[in-house]
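For reference, the structure is listed below as structure tokens.
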Amino acid sequence: LRSRGLGDVYKRQIINWLNDNVTKEDIEGSYNNDIAEEMKYFNRSDYIKNAIMKQFPDTSEGLCDTISDKYIDSIFNM
């Protein structure tokens, strides 16, 4: 139970960092907008995951995927 609490703190730390450092404009500017909507999702996800791994290199791939999905949802599906 205790380690789960630490995981939640770590997750919030990453999300707070994303909110402060990775804007919708940064993400949109990282790929060509003339692509299919489904492809935009993959480009957005890759951009966010790369940013997370650069700043928080010890993040597991699963956690990185989860946070990336939530972050995309929060800024593109408001």
*asked:* For Tyr41 and Asp46: C-alpha separation, side-chain torsions, deciding distance, then whether side chain to side chain contact (heavy atoms under 4.5 Å, CB included) applies.
replied: CA-CA 9 Å; Tyr41 172 82; Asp46 285 347; over 6 Å; no
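- With a 6.0 Å radius and a threshold of 12 heavy atoms from other residues, nucleotides or ligands, Phe42 has its CZ atom at or below the threshold.
- The heavy-atom pair separating Ser30 from Tyr47 by the smallest distance is CB-CD1, 3.3 Å.
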*When you look at Asn32 and Asn43, which way does the side chain to side chain contact (heavy atoms under 4.5 Å, CB included) test go after all the steps?*
CA-CA 9 Å; Asn32 181 342; Asn43 283 284; over 6 Å; no
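- Between Asp58 and Tyr10, the side chains place no donor N or O within less than 3.5 Å of an acceptor N or O (distance only, hydrogens not considered).
- The structure places OG of Ser74 at 11.5 Å from CD1 of Ile67, a figure rounded to the nearest 0.5 Å.
- A chain of hydrophobic side-chain contacts below 4.5 Å, direct or via other Ile, Leu, Val, Met, Phe, Trp or Tyr residues, connects Met39 to Tyr31.
- Taking every heavy atom of both residues into account, Leu63 and Ser60 meet most closely at N-OG, 3.1 Å.
- Here the straight-line distance linking atom CG of Asp69 with atom OG of Ser45 works out to 6.0 Å at 0.5 Å rounding.
- Nearest heavy atom pair, residue Asn21 against residue Asp26, reads O-OD2, 3.5 Å.
- Side-chain atoms of Ile27 and Ile75, non-hydrogen and from C-beta on, do get closer than 4.5 Å to each other.
- Pairing each heavy atom of Asn33 with each of Lys40, the nearest pair is O-CE, 3.4 Å.
- When all heavy atoms of Leu18 and Tyr71 are compared, the closest pair comes out as O-OH, 3.0 Å.
- Contact between Thr59 and Cys64 at its shortest, heavy atoms only, is CG2-N, 3.9 Å.
- Once rounded to the nearest 0.5 Å, the distance linking CD of Glu61 with OG1 of Thr66 reads 10.5 Å.
- Distance check, rounded to the nearest 0.5 Å: CG of Asp65 to CD1 of Ile52 gives 9.0 Å.
- Judged by distance alone, the side chain of Asp73 and the main-chain N or O of Lys70 form no donor-acceptor pair under 3.5 Å.
- Figure legend: Arg44 and Phe76 shown as a cation-pi pair, the cationic atom lying under 6.0 angstrom from the six-membered ring centre and within 45 degrees of its axis.
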